[in-house]
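Remarks on the structure that follows.
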Amino acid sequence: MSPMYFSFTSAFILGLMGLAFNRSHLLSALLCLEGMMLTLFIATAIWSMMLNSTSSSIIPMIMLTFSACEASAGLAILVATSRSHGSDSLQNLNLLQC
């Protein structure tokens with residue numbers, strides 16, 4: 001495995017582990033998700049540059065668009081929960097009470 005693939009894989013795994021094990025605040029979960037999406041964006045951008053085809057060059061832009069939509073939806077949820085519950089702590093959120 002080349003060092004580039006190892007670094008992308010380890011960055012994605014670190015984001016996934018942070019999302020799985022650090023469940024204290026909503027903001028930290030959103031940052032882990034954003035780190036995972038940026039890792040996937042960089043990996044697909046390098047993959048499309050190595051292929052040298054015009055049909056696969058649009059894939060990173062589509063992924064970046066979805067990442068921006070995910071970030072805006074996550075921030076809207078963060079603002080809504082901090083206004084209604086007073087904090088972004090995930091222990092205080094209960095889906096059965098909504």
Side-chain angles (χ1 to χ4, degrees):
M1 180 181 280
S2 71
M4 183 177 65
Y5 293 127
F6 177 73
S7 64
F8 289 139
T9 305
S10 62
F12 186 80
I13 295 294
L14 281 174
L16 187 63
M17 286 175 47
L19 185 62
F21 296 132
N22 190 10
R23 305 183 112 191
S24 59
H25 294 284
L26 183 60
L27 185 62
S28 63
L30 290 175
L31 285 174
C32 290
L33 278 174
E34 195 64 32
M36 291 169 55
M37 286 300 291
L38 286 175
T39 303
L40 287 175
F41 168 71
I42 293 171
T44 55
I46 290 174
W47 174 69
S48 67
M49 284 191 323
M50 287 195 309
L51 284 181
N52 288 332
S53 68
T54 58
S55 62
S56 66
S57 64
I58 194 70
I59 294 172
M61 294 306 292
I62 292 172
M63 184 172 286
L64 191 63
T65 304
F66 284 133
S67 177
C69 293
E70 175 254 337
S72 66
L75 287 176
I77 291 171
L78 177 70
V79 168
T81 56
S82 66
R83 283 185 181 174
S84 65
H85 294 287
S87 71
D88 68 334
S89 181
L90 289 177
Q91 281 94 17
N92 295 339
L93 299 178
N94 189 358
L95 291 177
L96 298 176
Q97 292 177 350
C98 293

> With hydrophobic residues grouped by side-chain heavy-atom distances under 4.5 Å, do Ile77 and Leu75 end up in a single group?
Replying inline: yes
>> If you compare all heavy atoms of Phe8 against all heavy atoms of Thr39, which two are closest, and at what distance to 0.1 Å?
In response: O-CG2, 3.3 Å
>> Restricting to non-hydrogen atoms, name the atom on Ser28 and the atom on Ser24 that form the minimum distance, rounded to 0.1 Å.
In response: OG-OG, 4.4 Å
>> Using the rule that Ile, Leu, Val, Met, Phe, Trp and Tyr join whenever any side-chain heavy atoms are under 4.5 Å apart, tell me whether Phe12 and Leu38 fall into a single cluster.
In response: no
> When Phe41 is tested against each of Ile59, Ile62, Leu64 for side chain to side chain contact (heavy atoms under 4.5 Å, CB included), which residue passes?
Replying inline: Leu64
> Roughly how far, to the nearest 0.5 Å, is the CG atom of Leu40 from the CE atom of Met63?
Replying inline: 5.0 Å
> Under the 4.5 Å side-chain heavy-atom rule for ILVMFWY, direct or indirect, which residues accompany Phe21?
Replying inline: Ile13, Met17
> Nearest heavy-atom pair of Cys32 and Gly18: which atoms, and what distance?
Replying inline: SG-C, 3.6 Å
> To the nearest 0.5 Å, what is the distance between CE (Met4) and OG1 (Thr9)?
Replying inline: 10.0 Å
>> Nearest 0.5 angstrom please: Ile46 CD1 to Leu51 CG, how far?
In response: 12.5 Å
> Just how far is it from atom CG of Leu26 to atom CG of Leu31, taken to the nearest 0.5 Å?
Replying inline: 10.0 Å
> What are the two closest heavy atoms between Ala29 and Leu19, and how far apart are they?
Replying inline: O-CD1, 3.6 Å
>> Would you say CE of Met61 has more than 12 non-hydrogen atoms from neighbouring residues, nucleotides or ligands within 6.0 angstrom?
In response: no
> What heavy-atom pair brings Leu30 and Gly74 nearest, and what distance separates the two atoms?
Replying inline: CD1-O, 3.4 Å
> According to the side-chain hydrogen bond (donor to acceptor under 3.5 Å, both in side chains) rule, which pairs have a member within residues 63-81, sequence neighbours left out?
Replying inline: Glu34-Ser67
> In Å and rounded to the nearest 0.5 Å, what is the CG to OG distance from Leu27 to Ser89?
Replying inline: 12.0 Å
>> Could you report the tightest heavy-atom contact between Met50 and Tyr5, atom names first, then the distance?
In response: CE-OH, 3.1 Å
